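Let me begin by presenting the structure, written as structure tokens, before commenting on it.
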Amino acid sequence: MTGKERRDRKKMVACMEYIARQLNDEEILVGNWLSLGVADGDIEYGNLDEDDIEEYYVQDETFAELMTTFLNCMEEANESGGLYCGGVVSK
């Protein structure tokens, strides 16, 4: 993996974590993202600094599984409460 690929992956992990924290259905967050995605506490809420992302999350297999988990969470969220951010709920 090149340095650019590593930085891109770490940035993606930070962004997925931030978006996942906006889920308007806590069961999806706790049951799926926190147990199968990024563990609670591994990334401070709102931290988008890729330098703080553990190497574990950007290894090929782990990163692929993380993206799949994120997509599954978003699909479920679309059917169950959507996203909530800045006082606004998705429609």
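In this text, all values refer to a predicted model and were calculated from it rather than measured experimentally.
Phe70 places none of its side-chain heavy atoms less than 4.5 Å from the side chain of Cys15. Residues Val13 and Tyr18 have side chains not in contact (no heavy-atom distance under 4.5 Å, counting atoms from C-beta outward). Asp25 is not listed as a side-chain neighbour of Glu76, based on a closest heavy-atom distance of 4.5 Å or more. Contact of the Ile43 side chain with the Tyr57 side chain is not registered, since no non-hydrogen atoms from C-beta on lie closer than 4.5 Å.
Taking both residues in full, the closest heavy atoms of Leu83 and Ile19 are given as CD2-O, 4.1 Å, listed atom of the first, atom of the second, then distance. The heavy-atom pair separating Gly82 from Ser90 by the smallest distance is CA-OG, 3.3 Å. Of all non-hydrogen atoms in Cys73 and Asn32, the two that sit nearest each other are SG-CB, 3.5 Å. Nearest heavy atom pair, residue Arg9 against residue Val58, reads NH1-O, 2.7 Å.
Around the CD atom of Glu65, the shell of radius 6.0 Å holds more than 12 heavy atoms that belong to other residues, nucleotides or ligands. The environment of CD in Gln59 is crowded: more than 12 heavy-atom neighbours from other residues, nucleotides or ligands sit within 6.0 Å.
The line from CG of Asn72 to CE of Met67 is 12.5 Å long, rounded to the nearest 0.5 Å. Between the CZ atom in Arg7 and the CE atom in Met1 there is a gap of 12.0 Å [rounded to 0.5 Å]. Distance OG1/Thr69 to CE/Met74: 11.0 Å, rounded to 0.5 Å. Of the inter-residue distances, the one linking Glu5 atom CD with Met12 atom CE reads 14.0 Å to the nearest 0.5 angstrom. Here Arg21 contributes atom CZ and Tyr45 contributes atom OH; the two are 9.0 Å apart, rounded to the nearest 0.5 Å. Once rounded to the nearest 0.5 Å, the distance linking CD1 of Ile53 with CD of Glu55 reads 10.5 Å.
Under the 4.5 Å side-chain heavy-atom criterion for Ile, Leu, Val, Met, Phe, Trp and Tyr, Tyr56 and Val38 are members of the same hydrophobic cluster. No chain of hydrophobic side-chain contacts below 4.5 Å, direct or via other Ile, Leu, Val, Met, Phe, Trp or Tyr residues, connects Val30 to Tyr84.
Screening Lys11, Lys10, Lys4 for a salt bridge (Lys or Arg N to Asp or Glu O under 4.0 Å) involving Asp8 leaves a single residue, Lys4.
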